[in-house]
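Residues: numbered from 1 along the sequence shown. Both ligands and their constituent atoms are indexed starting at 1 by order of listing.
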Amino acid sequence: MIQIPMLDLKREYEYMKVDIDCAIKRCLEHQKWILGPEVYELENIIAEYLKVKNCIGVSSGTDALVLSLRALALKTKGKEYFDRNDEIITTPFTFTATGDAILRSGATPVFVDINPTTFNINPVKIREYLRSPSSGRVAGILPVHIFGQSCQMDEIIEIAEEYNLFVLEDVAQAFGGKWKGEKLGSLGNAGAFSFFPSKNLGGFGDGGMVATNNDDIASYVRILLKHGGKDKYNVDHIGYNARLDTIQAAIILAKIKYIDEFNERRRQIAELYTNGLKNINALDLQSIYKSSTKDDLFHVYHQYTIRLKEGKRDDLQRYLKDNAVSTMVHYPLSLHKMGVFDGVMKIHSDLKNAEELTEEVLSLPIEPLQKEKDTEYVVKLIKKYFQEKDNHKKDG
Ligand SMILES: *Cc1c(COP(=O)(O)O)cnc(C)c1O
């Protein structure tokens with residue numbers, strides 16, 4: 001039986017082998033492992049790609065978030081960290097690192113609910129919280145472009161301007177995605193990217209990038225990533241060792257040539273899934289913001305995630321596994337249910353949509369090099385699963 005994995009990094013490596021091998025070989029020859037030329041070359045190329053003034057390579061997506069927040073605390077408060085009275089509004093339906101970064105910056109995460117059809121933070125809920133008597137000293141908003149689709153950035157930026165808040169975009173899943181023609185990560189005060197191997201632009205280890213049009217934020221991030229000083233032997237701030245490795249930068253430089261092609265491939269796979277699955281009543285597909293032109297609102301499908309009602313999620317996952325199709329649950333637990341946030345978070349009203357989603361979502365294989373027939377096989381299996389269920393119901 002053919003196996004269909006969520007992602008096939010070996011296949012991707014084979015596809016780009018010559019570029020990647022050459023890039024690694026150049027590093028072996030120059031031996032500049034720490035902040036070598038490839039790091040700055042990658043920063044420049046990504047800055048140009050995103051149309052932002054500054055990009056700064058860092059050691060992971062998590063560090064991109066933490067360093068951005070620390071830079072924002074330094075810039076807006078003149079303090080090393082935020083404090084517990086500083087609140088940052090974010091989504092509970094994301095990877096742990098989003099909320100964790102807020103805690104590590106000293107601030108209090110405030111979770112507001114998501115839109116149940118797009119899975120992204122709901123701007124109406126953000127506004128509701130800001131107007132409610134329980135809101136405290138809100139410093140900023142941290143929207144996550146979940147699964148590769150942009151949040152409603154017009155609304156979020158409008159709210160931020162009205163309340164004088166910063167916006168830090170979590171772009172870990174959305175390299176190359178767009179909101180109204182503009183690249184994600186370029187719309188807020190800063191954007192945090194991840195090059196974790198499974199991301200839609202991934203390296204061969206950990207890596208990340210901060211993008212910002214603000215020179216102060218950029219220079220604080222640059223200082224923080226190497227121990228907190230302009231001079232490493234005379235330090236001004238509580239810093240980190242959080243540099244992007246030269247070798248990771250070199251690999252990503254080789255891979256970035258393919259990013260538009262790969263995002264396009266992801267979109268084509270998504271289209272096959274959507275066309276194949278849209279008439280199945282028992283499942284909901286992620287709704288996509290309508291745009292006026294073709295690639296105005298550009299979803300890059302880091303994940304293709306469906307939603308199943310009536311407790312069928314685990315059953316379908318098992319059925320697909322028995323038929324050699326891998327799937328994953330992103331995410332099985334909303335952040336506000338995790339021990340790490342217990343007693344140190346705030347919750348606006350209820351987080352019912354996020355909670356329901358954790359019980360109902362299933363991500364399907366979306367390997368950019370996946371063959372059309374493999375995507376069609378997955379569709380066929382899912383259809384068959386529901387037909388068998390229906391027949392069973394009729395017989396019963
Ligand atoms: C992966 C991810 C991160 C963290 O990135 P790392 O490079 O793994 O540290 C943060 N936020 C989201 C939404 C992610 O998916």
Ligand 1 to F196 polar contact by distance, N or O atoms, under 3.5 Å:
no
When you measure from the side chain of S135 to the backbone of R131, do you find a donor-acceptor pair of N or O atoms at a distance under 3.5 Å?
no
Do other residues, nucleotides or ligands put more than 12 heavy atoms under 6.0 Å from the NZ atom of K321?
no
Identify the closest protein heavy atom to atom 10 (C) of ligand 1: which residue and atom is it, and at what distance?
D170 OD2, 3.6 Å
Out of A172, A192, S198, whose heavy atom sits nearest atom 12 (C) of ligand 1?
A172
Which of the atoms in ligand 1, numbered in the order shown and given with their element, are less than 4.0 Å from a heavy-atom of G61?
5 (O), 6 (P), 7 (O), 9 (O)
Contact atoms of ligand 1, heavy-atom distance to S194 under 4.0 Å
5 (O), 6 (P), 7 (O)
Polar-atom distance check: T94 versus ligand 1, any N or O pair below 3.5 Å?
no
Partners passing salt bridge (Lys or Arg N to Asp or Glu O under 4.0 Å) against K389 (at least two apart in sequence or in another chain)
D315
Under the side-chain hydrogen bond (donor to acceptor under 3.5 Å, both in side chains) test against T375, which residue among Q370, K380, Q268, E271 passes?
Q370
With heavy-atom distances below 4.0 Å as the criterion, list the atoms of ligand 1 near F95.
2 (C), 3 (C), 12 (C), 14 (C), 15 (O)
One finds that the ligand 1 atoms under 4.0 Å from a non-hydrogen atom of V144 are 13 (C)
Looking only at protein heavy atoms, which one is nearest to atom 9 (O) of ligand 1, and how far off is it?
T62 OG1, 2.5 Å
Does the ring center of Y319 lie less than 6.0 Å from the ring center of F386?
no
Within a 6.0 Å radius of atom CG on N164, are there more than 12 heavy atoms belonging to other residues, nucleotides or ligands?
no
Describe, in one word, how the ring planes of Y49 and F175 are oriented to each other, choosing from parallel (under 30°), tilted (30 to 60°) and perpendicular (over 60°).
parallel
Write out the residue and atom name of the closest protein heavy atom to atom 15 (O) of ligand 1, then the distance separating them to 0.1 Å.
K199 NZ, 2.7 Å
Is it the case that the side chain of D245 and the backbone of I247 share a donor-acceptor pair, with hydrogens and angles ignored and the cut-off at 3.5 Å?
no
Tell me whether D206 has any N or O atom under 3.5 angstrom from an N or O of ligand 1.
no
Looking only at distances, can you tell me whether any N or O atom of D63, backbone or side chain, sits closer than 3.5 Å to an N or O atom of ligand 1?
no
